[in-house]
**Q** 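Sending over a structure as C-alpha cells; questions will come in a sec.
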Amino acid sequence: MSAFPVSFIGKSPRLELHFRRGLCYPVTMRRTTAARHPQTNGICERFHKTILHEFYQVAFRRKKYKSLDELQGDLDEWLEYYNNERTHQGKMCCGRTPMQIFLDGKKNLGGKGRTVEFI
C-alpha cells in the first residue's frame, strides 16, 4: 500500500515494467491510500518509524559507511532479523514474527482452495 507506488522505482523503464508485471500475479493486490486520509497508510508509516529508530539511527552512530553496498548489507541483515526473529505486538500479531503471520495466513488461504505463490 502506498500513495503512489510507481514513484519508488525511479525513472527506469525497465524497473517500471518489472513492477507492473509483478502486479499481474494473482497474489499481488495493489492498494493505494485514500486522498487526504493519511490514516490508511499507517502500517507503512509505522514501519518507516521503526526502521528509522531501530536501524538507521543506531547504524549511523556505530559505523561510518564507505558505500551504499555496505549499508545495504547491514540493512538486509536487519530486515532478516525484523521479519524472522523480532516479535511484534501490533494488532493481530499476538507476539508472532511477520514470517509466522505470513505462513499462518498462507495455511488459511490454502485450505480454502486458493493458492499462494512466492514471488
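The basis for the numbers below is simple: all heavy atoms, side chains too, and nothing from hydrogens, waters or symmetry mates.
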**Q** Measure across N84 and T97 and return the closest heavy-atom pair with its distance rounded to 0.1 Å.
**A** O-CG2, 3.6 Å
**Q** Taking all non-hydrogen atoms of both residues into account, name the closest pair between R86 and P98 and its distance.
**A** O-CD, 3.9 Å
**Q** Would the distance check show the side chain of E54 and the main-chain N or O of I51 forming a donor-acceptor pair, the cut-off being under 3.5 Å?
**A** no
**Q** Is the backbone of K66 close enough, under 3.5 Å, to the side chain of E70 for a donor and an acceptor to pair up by distance?
**A** yes
**Q** Would you sort out whether Q57 and L52 count as a side-chain contact (heavy atoms from CB on, under 4.5 Å), showing the intermediate values?
**A** CA-CA 6 Å; Q57 288 179 346; L52 173 68; 3.9 Å; yes
**Q** Scan side-chain atoms only and decide if Q72 and D76 contain a donor-acceptor pair under the 3.5 Å cut-off.
**A** yes
**Q** Ignoring hydrogens, what is the shortest heavy-atom contact between K63 and D74? Give both atom names and the distance.
**A** NZ-OD2, 3.2 Å
**Q** With rounding to the nearest 0.5 angstrom, report the SG to CD distance, C94 to Q89.
**A** 8.5 Å
**Q** Donor-acceptor pair, distance only, cut-off 3.5 Å: does the side chain of R96 make one with the backbone of C93?
**A** yes
**Q** Should V58 and L79 be regarded as members of a common hydrophobic cluster, given that ILVMFWY residues are connected when their side-chain heavy atoms come within less than 4.5 Å of each other, either directly or indirectly?
**A** no
**Q** Tell me whether the rings of W78 and F55 are parallel (<30°), tilted (30 to 60°) or perpendicular (>60°).
**A** tilted
**Q** Atom CG of L75 and atom CD of E80: how far apart are they, to the nearest 0.5 Å?
**A** 12.0 Å
**Q** Start with the C-alpha gap between Y82 and T50, add the side-chain angles, then the distance that decides, and say whether side-chain contact (heavy atoms from CB on, under 4.5 Å) holds.
**A** CA-CA 10 Å; Y82 179 87; T50 300; 3.9 Å; yes
**Q** Not counting sequence neighbours, which residues clear side chain to side chain contact (heavy atoms under 4.5 Å, CB included) with F60? List them please.
**A** Y56, Y65, L71
